[in-house]
Structure formats: C-alpha cells, structure tokens
A.B. asks: 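Pasting in a structure now, in structure tokens, and then I'll have a few things to ask.
Below, all heavy atoms of this structure are taken into account, side chains as well, without hydrogens, waters or symmetry copies.
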Amino acid sequence: MVFVRIRNKKQVRRLATVYVVRVAFMAAMLSAFKFAMSFIPNVEPVTLMITVYGSAMGIAYALPATLIFCAVEVAIYGAGSWVLLYFVYWPMLAVAASLLLRGRRYILATALGIVGSVLFGVLSACCDTLFCLAGLAPKHIGQYWVAYYLRGLYFDLAHVISNAVALITLYLPLVAVVRRIAPVAGSRMAFYIAEEYKRTPPEDGEDCCGSD
C-alpha cells in the first residue's frame, strides 16, 4: 500500500493567485515605465526591465509578462509593422535573459542588452521591408533595407548606448530589489508549493491514501 498526500487546494489557489498578480504587475510596470520614458526618443526601460525579470524571476514570469505587455501596446497604439517586431523581439529577449542570466552577471546582462538593442534595429528594418514587399521589385528589397536602416542609425545608436548605461548602473540593484520583493520565482515555484504543503497542516478530508 502506497500512501500519497493530496495537495492542499487552498494553497494551490493562493499560490496561483499570487502568480497571476505578479505577472500582471510586471506587465503593467513595463507599460508604465515605457510610457514614462516615451518623451525621450529611443530611450526605453523595457530592455532593462525584461532583462531583470528574466534574471530574477525566470521564464515562467518574464515570458507571459512580456507577451501581455506586447498585447497591451497593440491595444493602445493599434496595429502596424512594429507589431511583428514586438512579438518576436521582446519575448526572445525574455527567453534569452531567463536562460542566460541566472545570477548577478551584470557583464553578460550588459552584453545581452547591447546585442539585443542592435538586433532590435535590424529586425525593425526587416519588418518594415517585409511590409513593403508588395510594392517593391525584388532587386530593390536590399536597397530599401539598407536605406531604412541607415536612416535610423542615429536612433539605433542612442538605443544601444542608453540600454548599456541603464544595465551597467541599474541591473544589479533592480535584481536585488525584485528578489527581495518576490523571493520565490521561476522554476522554484513547484518546490515552494511542495514546501508549503509540508508546513501547512492538512484540513479535514484533504489527506487520503492512495491505492496499491
């Protein structure tokens, strides 16, 4: 006979609620900070925040929060060629930060932000070129991409430099703050739930035995 303890349903609901609230709050902070910095061309806090989320909270939090942020941006500003860019680039950054930045690696975080910012400009030119394919002859596609990228190179440089400075100065303090506020995150959620069951006395009817 094998005895199995049934999970505490109230704990499951509570932890699920905490998870949903955290993800929603993280997505809201991305939109709020982006709006707050929108008056400065190509200076945005989204790269910094997603990098911090991925490092401190893990992919289980960073990826859904990023997808919600992208959806909110579309709801606010409407559809355009940038929508494809957002739904490709920002989730990709969240996944990369979650997988690569497990710890206080600010040098790697800064390198990821710089490479990502450069890639953002490249992908932006690619998305705009893609939307113009119908009106361009095949031989002009490459010329259009080069012209579009060079036209925005000044803004791309501002984007890269601002993100590098932000990550160098703010990455470690923000990771520490997020971990202090939400110490249980990412892949540790399942472990935390298991520990909660061990510490919480079972309610009547919530412990039972299994079968052979």
A.B. asks: Quick one about Thr66 and Tyr53 (side-chain donor to acceptor, distance below 3.5 Å, no hydrogens or angles considered), yes or no?
C.D. replies: no
A.B. asks: Would you find more than 12 non-hydrogen atoms of other residues, nucleotides or ligands less than 6.0 Å from Tyr77 atom OH?
C.D. replies: yes
A.B. asks: Indicate, with yes or no, if Leu48 and Ile168 share a hydrophobic cluster defined by side-chain heavy-atom contacts under 4.5 Å among Ile, Leu, Val, Met, Phe, Trp and Tyr.
C.D. replies: no
A.B. asks: Does the side chain of Leu174 reach to within under 4.5 Å of the side chain of Met49, using non-hydrogen atoms?
C.D. replies: yes
A.B. asks: Might you work through the side-chain contact (heavy atoms from CB on, under 4.5 Å) test for Val118 and Asp156, ending with a clear yes or no?
C.D. replies: CA-CA 7 Å; Val118 173; Asp156 290 336; over 6 Å; no
A.B. asks: Taking the six-membered ring for Trp, are Phe120 and Trp90 ring centroids under 6.0 Å apart?
C.D. replies: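 Aromatic pair counts; centres sit under 6.0 Å.
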A.B. asks: Group every Ile, Leu, Val, Met, Phe, Trp and Tyr by side-chain heavy-atom contacts under 4.5 Å, then state whether Phe35 and Ile50 land in the same group.
C.D. replies: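 Yes, it is one cluster - the side chains of Phe35 and Ile50 are joined through contacts under 4.5 Å.
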A.B. asks: Does any non-hydrogen side-chain atom of Val178 lie less than 4.5 Å from one of Met57?
C.D. replies: yes
A.B. asks: Below 3.5 Å, can you tabulate the donor-acceptor pairs from side chains in residues 107-117 to any protein atom, sequence neighbours excluded?
C.D. replies:
unit_1 : atom_1 : unit_2 : atom_2 : d
Thr110 : OG1    : Tyr106 : O      : 2.7
Ser117 : OG     : Gly113 : O      : 2.7
Ser117 : OG     : Asn163 : ND2    : 2.7

A.B. asks: Using only atom types and a distance under 3.5 Å, with no angle test, would you say the side chain of Tyr61 pairs donor to acceptor with the backbone of Tyr19?
C.D. replies: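 A pair under 3.5 Å: no.
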A.B. asks: Please report the shortest heavy-atom distance between Leu67 and Pro91, naming the atom on each side.
C.D. replies: CD2-CG, 3.6 Å
A.B. asks: What closest approach, in Å, do Arg179 and Ser55 show between heavy atoms, and which atom pair accounts for it?
C.D. replies: NH2-O, 3.6 Å
A.B. asks: Show the nearest heavy-atom pair for residues Cys70 and Tyr86, with the distance to one decimal.
C.D. replies: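 Taking Cys70 first and Tyr86 second, the nearest heavy atoms are SG-O, 3.5 Å.
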A.B. asks: Can you check whether Trp82 reaches Glu73 side chain to side chain, under 4.5 Å on heavy atoms?
C.D. replies: yes
A.B. asks: Output yes when a side-chain donor or acceptor of Asn42 lies under 3.5 Å from a complementary backbone atom of Ala158, and no otherwise.
C.D. replies: no
A.B. asks: On a heavy-atom basis, which atom in Ile68 and which in Ala27 lie closest, and how many Å separate them?
C.D. replies: CG2-CB, 3.6 Å
A.B. asks: Would you say that Phe33 contacts Glu44 through its side chain, given a criterion of any heavy-atom pair below 4.5 Å between the two side chains?
C.D. replies: no
A.B. asks: Between Val23 and Val21, is there shared hydrophobic-cluster membership here, with clusters defined by ILVMFWY side-chain heavy atoms closer than 4.5 Å?
C.D. replies: no
A.B. asks: Does Ser124 form a side chain to side chain donor-acceptor pair (under 3.5 Å) with Tyr89? I'd like the steps, not just the answer.
C.D. replies: CA-CA 9 Å; Ser124 177; Tyr89 174 75; over 6 Å; no
A.B. asks: What residues form a side-chain hydrogen bond (donor to acceptor under 3.5 Å, both in side chains) with Ser98, not counting sequence neighbours?
C.D. replies: none
A.B. asks: In the single-linkage hydrophobic clustering (I, L, V, M, F, W, Y; side-chain heavy atoms under 4.5 Å), do Val20 and Leu63 co-cluster?
C.D. replies: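 As far as the 4.5 Å side-chain criterion goes, Leu63 and Val20 are connected within one cluster.
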A.B. asks: Under the side-chain contact (heavy atoms from CB on, under 4.5 Å) criterion, do Met37 and Val46 qualify, and how do the steps go?
C.D. replies: CA-CA 10 Å; Met37 297 293 293; Val46 180; over 6 Å; no
A.B. asks: Evaluate Met26 against Phe69 for side-chain contact (heavy atoms from CB on, under 4.5 Å), listing each step before the verdict.
C.D. replies: CA-CA 9 Å; Met26 290 163 64; Phe69 160 74; over 6 Å; no
A.B. asks: When hydrophobic residues are tied together by side-chain contacts of less than 4.5 Å, even through go-betweens, does Ile161 share a cluster with Tyr171?
C.D. replies: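 No, separate clusters.
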A.B. asks: Decide yes or no for Thr47 and His159: does some side-chain heavy atom of the first lie under 4.5 Å from some side-chain heavy atom of the second?
C.D. replies: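 Sidechains of His159 and Thr47: in contact.
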A.B. asks: What is the minimum heavy-atom distance between Ala65 and Leu30, and which atoms define it?
C.D. replies: O-CD1, 4.1 Å
